[in-house]
There are 2 protein chains.
Amino acid sequence: MDSKIVNLRSKLEVYKAVSGGGNFSNCPVREVIQGVSGKWSSLLMMALAEQPYRFGELRRLVPDISQRMLTQTLYDLQRDGYVHREVFPTKPPSVEYSLTDLGQSMFGALHQLILWAELNHDAVRGARADFDAAQA
Amino acid sequence: MDSKIVNLRSKLEVYKAVSGGGNFSNCPVREVIQGVSGKWSSLLMMALAEQPYRFGELRRLVPDISQRMLTQTLYDLQRDGYVHREVFPTKPPSVEYSLTDLGQSMFGALHQLILWAELNHDAVRGARADFDAAQA
DNA sequence: TAGTGCTGGTCTCTTTTTGAGACCGCCACT
DNA sequence: AGTGGCGGTCTCAAAAAGAGACCAGCACTA
């Protein structure tokens with residue numbers, strides 16, 4: 001009993017220490033992470049890290065994204081400073097999207113996660129299969 | 001004109017080369033990334049990387065998560081093999097969540113992104129403010 | 001010259017996901 | 001007898017995402 005209470009207390013102290021004195025609300029890291037955590041954000045970052053692409057090219061590259069979400073996700077990435085949008089006055093006008101310096105910098109970190117996923121996706125699939133089998 | 005067509009063609013070759021010969025659908029990396037890309041996943045991974053927590057503790061740690069999403073996100077993380085769930089037969093029963101080895105391994109990669117966010121969140125906020133100002 | 005297609009989007013409608021909050025049994029403590 | 005913590009589930013409303021029609025302008029084809 002007492003040990004449980006003491007245990008909880010020590011944990012709550014850690015809780016206060018998390019992310020520089022506050023709790024997880026108002027955490028500046030959080031909004032940055034959430035900006036990247038959209039369903040399509042990392043995918044588009046991967047594509048644009050490879051090379052600049054135009055709107056239609058991205059749409060073909062990620063066939064199951066809707067035009068609406070492509071527009072919106074690119075807008076959000078541009079707003080956060082990761083992506084540069086340039087309109088060329090050709091006919092019809094073409095729009096090219098590319099990574100900014102900030103975007104390339106962020107992709108460097110994101111890349112670690114992508115590499116991990118490449119190495120471990122079979123382990124994750126295995127865990128998922130085991131879990132589903134155990135549930136049934 | 002011709003240059004544009006050739007340009008597109010070369011890009012489409014790159015498109016075929018992306019992620020090992022296919023396009024971005026059916027990409028095994030994608031499902032792994034998307035598993036981590038939930039709104040709450042990375043936050044809970046951060047918390048559990050620090051130490052194991054119980055359900056109610058996590059709820060206090062992340063005050064603006066609903067109980068529903070906490071349950072579901074933990075379930076998903078458990079399903080993907082990142083999180084271990086253990087029920088202790090106390091009264092009332094307590095449930096402890098902790099990272100598995102796979103979870104700790106994945107967090108190593110995720111941590112890079114978190115570190116980047118800690119270093120650059122002000123740059124992102126600045127970009128966002130500039131963008132919003134330019135839009136107005 | 002009429003038809004077709006490509007450009008990068010926006011607009012509307014439907015479906016899915018998320019959030020807010022009530023509710024549950026069980027037990028300890030007051 | 002009442003209150004509160006435990007770890008959830010259930011229902012209903014709100015927000016986000018997906019599907020697909022539509023747009024103007026120009027090039028190319030028939």
Side-chain angles (χ1 to χ4, degrees), chain A residues 1-5 7-9 11-12 25 30 34-35 37-44 47-48 52-79 83-98 135, chain B residues 1-9 11-12 24-25 30 34-35 37-44 47-48 52-79 83-98 135:
Chain A
M1 245 353 126
D2 281 55
S3 68
K4 283 189 65 179
I5 294 178
N7 200 10
L8 176 61
R9 194 157 297 164
K11 285 178 182 173
L12 287 179
S25 335
R30 232 182 100 164
Q34 296 214 349
S37 291
K39 181 171 181 183
W40 305 107
S41 314
S42 48
L43 214 53
L44 293 178
L48 295 177
Y53 279 110
R54 288 172 45 188
F55 188 87
E57 294 176 306
L58 287 170
R59 195 152 55 95
R60 284 188 290 274
L61 203 56
V62 186
D64 54 345
I65 193 176
S66 68
Q67 218 160 348
R68 210 179 68 84
M69 286 315 291
L70 182 53
T71 301
Q72 185 178 315
T73 306
L74 287 171
Y75 181 90
D76 291 344
L77 290 175
Q78 188 193 355
R79 192 171 101 101
V83 161
H84 173 69
R85 178 180 186 270
E86 190 161 8
V87 181
F88 294 99
T90 57
K91 314 167 240 171
S94 60
V95 182
E96 189 181 79
Y97 292 91
S98 56
Q135 288 309 85
Chain B
M1 249 354 126
D2 281 57
S3 70
K4 282 189 65 179
I5 293 179
V6 170
N7 199 8
L8 177 59
R9 194 156 297 163
K11 285 179 182 174
L12 288 179
F24 273 117
S25 335
R30 230 181 102 165
Q34 296 215 349
S37 291
K39 181 172 181 182
W40 305 106
S41 313
S42 47
L43 214 52
L44 293 178
L48 295 177
Y53 279 111
R54 289 173 44 187
F55 188 87
E57 292 176 307
L58 287 172
R59 195 152 55 95
R60 283 188 289 273
L61 204 54
V62 187
D64 54 346
I65 193 175
S66 67
Q67 217 160 347
R68 212 180 68 83
M69 287 312 293
L70 181 53
T71 302
Q72 184 178 317
T73 306
L74 286 170
Y75 181 92
D76 292 344
L77 290 175
Q78 188 193 355
R79 192 172 100 101
V83 160
H84 173 69
R85 177 180 187 269
E86 190 162 7
V87 182
F88 294 99
T90 56
K91 313 167 237 169
S94 60
V95 181
E96 189 181 77
Y97 293 91
S98 56
Q135 288 309 88

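- Rounded to whole Å, the distance from CD on A:E86 to C1' on C:dG8 is 16 Å.
- Comparing A:Q67 and B:V87, the nucleotide of DNA chain D nearest to each residue sits closer to the 5' end for B:V87.
- The nucleotide whose nearest atom lies closest to any side-chain atom of B:P92 is, among C:dG19, D:dG5, D:dC26, D:dG5.
- OP1 or OP2 of D:dA17 sits under 4.0 Å from a side-chain N or O of A:Q72.
- Listed candidates were D:dC6, D:dT9, C:dT7. Nearest to the side chain of B:T71 is D:dT9.
- When all heavy atoms of A:V62 and B:R30 are compared, the closest pair comes out as CG1-NH1, 4.3 Å.
- The CG atom of A:L70 sits 11 Å away from the P atom of C:dT10 (whole-angstrom rounding).
- One can place CD1 of B:I65 at 11 Å from C1' of C:dG19, the figure rounded to the nearest angstrom.
- Per the geometry, CZ belonging to A:F55 stands 6 Å off C1' belonging to C:dG8, to the nearest Å.
- Distances were taken from every side-chain heavy atom of B:R54 (C-beta onward) to each of C:dA28, C:dT10, D:dC6; the shortest belongs to D:dC6.
- The separation between A:Q78 atom CD and C:dG8 atom P is 15 Å, rounded to whole Å.
- Closest approach to the B:V95 side chain among C:dG19, C:dG8, D:dG7 is made by D:dG7 (side chain taken as heavy atoms from C-beta onward).
- Nucleic acid contact class of A:Y97 (heavy atoms, under 4.0 Å, all strands): sugar-phosphate only.
- The nearest pair of heavy atoms linking A:V87 to A:P93 is CG1-CB, 4.4 Å.
- Among D:dA17, C:dT18, D:dA27, the nucleotide with an atom closest to any side-chain atom of A:M69 is D:dA17.
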- Task: Go through the steps for B:L58 and B:L48 under the test side chain to side chain contact (heavy atoms under 4.5 Å, CB included), then give the verdict.
- Result: CA-CA 9 Å; B:L58 287 172; B:L48 295 177; 4.1 Å; yes
- Full working for side chain to side chain contact (heavy atoms under 4.5 Å, CB included) between B:L74 and B:L44: CA-CA 8 Å; B:L74 286 170; B:L44 293 178; 4.2 Å; yes
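- Between A:D64 atom CG and D:dG18 atom C1' the separation is 11 Å, expressed in whole Å.
- For the pair A:K39 and D:dG18, the criterion of a side-chain N or O lying under 4.0 Å from OP1 or OP2 is met.
- Atom pair A:R59:CZ and C:dT10:P shows a separation of 13 Å (rounding to whole Å applied).
- The phosphate of C:dG19 (OP1 or OP2) has a side-chain N or O of B:W40 nearer than 4.0 angstrom.
- Per the geometry, CG belonging to B:L58 stands 12 Å off P belonging to D:dC6, to the nearest Å.
- Of the inter-residue distances, the one linking A:E57 atom CD with A:E96 atom CD reads 8.0 Å to the nearest 0.5 angstrom.
- Among the nucleotides C:dT10, D:dC6, C:dC11, the one closest to the side chain of A:R68 is C:dC11.
- Looking at heavy-atom distances under 4.0 Å, A:Y75 makes no contact with the nucleic acid at all.
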